[in-house]
Amino acid sequence: MKVISETGNLEEDEEPKELETEPGSQTDVPAAGAAEKVTEEELMTPKQPKERKLTNQFNFSERASQTYNNPVRDRECQTEPPPRTNFSATANQWEIYDAYVEELEKQEKTKEKEKAKTPVAKKSGKMAMRKLTSMESQTDDLIKLSQAAKIMERMVNQNTYDDIAQDFKYYDDAADEYRDQVGTLLPLWKFQNDKAKRLSVTALCWNPKYRDLFAVGYGSYDFMKQSRGMLLLYSLKNPSFPEYMFSSNSGVMCLDIHVDHPYLVAVGHYDGNVAIYNLKKPHSQPSFCSSAKSGKHSDPVWQVKWQKDDMDQNLNFFSVSSDGRIVSWTLVKRKLVHIDVIKLKVEGSTTEVPEGLQLHPVGCGTAFDFHKEIDYMFLVGTEEGKIYKCSKSYSSQFLDTYDAHNMSVDTVSWNPYHTKVFMSCSSDWTVKIWDHTIKTPMFIYDLNSAVGDVAWAPYSSTVFAAVTTDGKAHIFDLAINKYEAICNQPVAAKKNRLTHVQFNLIHPIIIVGDDRGHIISLKLSPNLRKMPKEKKGQEVQKGPAVEIAKLDKLLNLVREVKIKT
């Protein structure tokens with residue numbers, strides 16, 4: 001039986017080989033007979049072992065390499081699961097406000113309880129020291145918590161004001177491409193505080209180091225409505241609440257932030273005092289303040305300006321007041337020491353007294369500004385409408401006098417690029433641009449309303465902004481149009497008088513303050529901040545030299561016209 005099965009298998013194996021012959025040949029017919037002969041021959045011959053097939057050298061893997069890796073031993077231990085609670089809440093401004101109010105109420109209750117307690121005998125020194133250390137640790141924890149809460153508050157505000165933040169960063173008015181000589185102002189955030197209600201914005205100043213931070217002074221320009229004052233510092237990162245808050249018994253009329261020490265703020269008050277606030281110190285009182293003994297002004301202080309440190313590296317600043325004194329204040333040994341630099345007098349007007357003496361009326365200083373390069377030279381504006389060019393070296397004489405305005409001079413400001421040019425504004429509705437070597441103004445602009453403040457742009461020598469009491473902001477670019485403003489836009493309601501304006505040092509925005517205590521930030525459209533255009537094959541020249549040449553070109557045109565006439 002075995003032999004038959006093998007022959008059967010052999011026949012199956014051999015059949016394909018026989019059938020592989022070409023069709024039409026003679027071997028096709030006797031195919032069956034040949035197969036029978038083959039089987040008989042194979043039965044007679046012994047079977048040979050099969051040849052071992054060679055492995056594929058190009059795609060070969062040993063069987064040993066195909067085994068699985070040994071499983072890794074796992075060690076486990078069982079513990080009780082930690083207790084869990086699910087908590088969810090919405091983080092809104094009112095939620096944060098309510099939490100602060102609750103905390104204040106708790107603190108007041110604990111204070112009342114401590115007062116109600118009967119006086120207990122003094123404990124030992126060790127117990128007292130322990131209490132002190134516990135209190136110190138609590139204050140440290142509160143400081144950490146307040147920092148975390150401040151960051152959280154900023155995050156919530158960024159979500160709340162996300163559309164404004166996007167406009168601040170990316171929005172540019174596309175319509176400016178179709179109007180070459182006109183621009184617009186886009187309103188962004190509005191800053192206001194309940195504690196500063198019924199107070200006017202009397203001063204604005206950007207921080208020179210932290211470009212999103214600015215200081216606001218609150219007081220009143222009305223002689224009959226004088227009350228308290230406030231100093232607030234706002235950040236663009238949190239428009240809902242100020243970063244720092246200081247209150248005073250007298251209105252804040254002016255302020256200035258030190259360039260090298262951005263945490264020091266010099267302030268002038270309505271009662272004639274000057275003070276220095278230190279933002280690093282937690283208390284709300286000024287670090288240094290003048291007094292009647294230390295030579296304070298007898299009238300409101302209208303402007304203060306930090307100066308370079310003196311020879312002994314002492315901090316010093318200047319102040320101007322309606323009492324006609326320009327005073328230099330120096331911080332020596334933790335005290336404010338004053339020196340009268342100059343006393344303003346109205347030239348050409350004297351009054352005779354019956355005894356034969358002559359009295360010179362005192363000039364009331366309202367604004368001043370120091371030259372950007374010549375340290376000793378500065379300009380002073382007065383209530384009589386005159387501007388005096390003064391020097392620190394001469395206390396009795398003026399270098400020059402300009403009959404500038406018909407009413408009080410509100411602001412005097414040197415151009416940040418051109419050393420000869422300065423600007424002034426007044427309540428007589430005019431803004432004037434001067435060359436300090438010529439006694440007549442180069443440009444005069446009538447804005448149809450009392451001008452509260454003017455400011456030069458930091459990015460161009462020909463761009464400046466002005467605000468008026470009818471609630472409008474005006475942006476001028478002399479390089480585009482030297483006859484009228486390229487933007488006249490109502491910013492506040494007509495009832496609100498705009499008092500101050502300031503350009504940001506790096507961002508294309510301005511901040512504007514009014515007499516209701518509101519500060520509005522506005523973004524300049526592309527036409528209001530045009531830079532030199534690129535020409536094919538030429539590099540765009542930038543820098544102070546280009547800005548000086550741009551303004552010089554305009555001034556030369558005006559000088560030629562004046563010479564011809």
Side-chain angles (χ1 to χ4, degrees), residues 202-203 205 217 219 229 231 248-259 261 264-277 286-347 360-371 374-384 386-399 408-414:
T202 52
C205 183
L231 170 63
S248 60
N249 296 326
S250 179
V252 175
M253 305 312 294
C254 54
L255 60 89
D256 192 29
I257 301 174
H258 201 285
V259 176
H261 308 286
L264 293 178
V265 184
V267 171
H269 292 284
Y270 191 85
D271 61 0
N273 278 316
V274 293
I276 298 174
Y277 287 87
S287 300
F288 308 98
C289 188
S290 64
S291 62
K293 291 181 181 178
S294 62
K296 75 160 200 159
H297 291 280
S298 57
D299 274 356
V301 182
W302 293 114
Q303 196 156 8
V304 289
K305 286 272 184 184
W306 285 103
Q307 292 297 296
K308 291 178 181 177
D309 297 350
D310 62 5
M311 299 293 287
D312 298 325
Q313 300 300 314
N314 293 321
L315 298 169
N316 70 332
F317 65 93
F318 277 62
S319 64
V320 65
S321 170
S322 302
D323 61 1
R325 292 166 60 211
I326 294 169
V327 183
S328 171
W329 301 88
T330 311
L331 194 62
V332 182
K333 294 181 180 179
R334 314 287 296 173
K335 286 184 181 179
L336 280 174
V337 180
H338 80 286
I339 300 168
D340 284 10
V341 176
I342 199 167
K343 195 152 190 178
L344 300 174
K345 293 176 183 177
V346 179
E347 291 184 339
H360 292 277
V362 176
C364 301
T366 54
F368 74 113
D369 193 21
F370 283 86
H371 198 274
I374 307 168
D375 291 336
Y376 62 83
M377 192 167 74
F378 60 96
L379 298 167
V380 183
T382 61
E383 280 186 9
E384 294 79 32
K386 292 187 178 181
I387 296 173
Y388 300 112
K389 185 163 67 173
C390 308
S391 172
K392 294 178 185 178
S393 307
Y394 302 102
S395 58
S396 58
Q397 289 184 344
F398 304 127
L399 299 178
S408 65
V409 179
D410 293 324
T411 306
V412 174
S413 178
W414 287 99

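When reading the values below, keep in mind they use all heavy atoms of this one structure, side chains included, and skip hydrogens, waters and symmetry mates.
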Pairwise distance OG1(Thr202) to CG(Leu255) - rounded to 0.5 angstrom = 7.5 Å
Atom of Val341, atom of Ser328 and distance for their closest heavy-atom approach | CG2-CB, 3.8 Å
Pair Ile276-Trp329, side-chain contact (heavy atoms from CB on, under 4.5 Å): steps then yes or no | CA-CA 11 Å; Ile276 298 174; Trp329 301 88; over 6 Å; no
How long is the gap from CG on Leu344 to CD on Glu384, to the nearest 0.5 Å?
-> 8.5 Å
Measure the acute angle between the ring planes of Phe318 and Phe368, then classify it against the limits of 30° and 60° as parallel, tilted or perpendicular.
-> tilted
Interatomic distance, CH2@Trp414 vs CG@Leu379, rounded to 0.5 Å, equals 4.5 Å
Looking only at heavy atoms, what is the nearest atom pair of Ile257 and Trp306, with distance?
-> C-CD1, 3.5 Å
Ignoring hydrogens and angles, tell me if any N or O in the side chain of Asn314 forms a donor-acceptor pair with the backbone of Thr330 under 3.5 Å.
-> no
Measure the spacing between OG of Ser319 and CE of Met253 and express it to the nearest 0.5 Å.
-> 14.0 Å
Would you mind telling me which of Ser290, Ser291, Ser250 makes a side-chain hydrogen bond (donor to acceptor under 3.5 Å, both in side chains) with Asn273?
-> Ser290
What's the shortest heavy-atom distance between His338 and Gly295, and which atoms?
-> CE1-CA, 3.7 Å
Considering non-hydrogen atoms only, spot the tightest contact between His269 and Ala275 and give its length.
-> NE2-CB, 4.2 Å
Any idea how Phe370 and Phe378 line up, ring-wise: parallel (<30°), tilted (30 to 60°), or perpendicular (>60°)?
-> tilted
Stepwise side-chain contact (heavy atoms from CB on, under 4.5 Å) test for Ile387 and Thr382 | CA-CA 6 Å; Ile387 296 173; Thr382 61; over 6 Å; no
Rounding to 0.5 Å, atoms NZ (Lys296) and CG (Leu336) come to a distance of 14.0 Å
Using the salt bridge (charged side-chain N to carboxylate O under 4.0 Å, His left out) rule, collect all pairs that involve residues 314-324, keeping only residues at least two apart or in two chains.
-> Asp323-Arg325
All heavy atoms of Thr366 vs all of Trp302, minimum pair found to be O-CB, 3.1 Å
Nearest 0.5 Å please: distance from the CG atom of Asn316 over to the NZ atom of Lys305.
-> 14.0 Å
Taking all atoms of both residues into account, what is the closest heavy-atom pair of Ala367 and Thr411, and its distance?
-> CB-CA, 4.0 Å
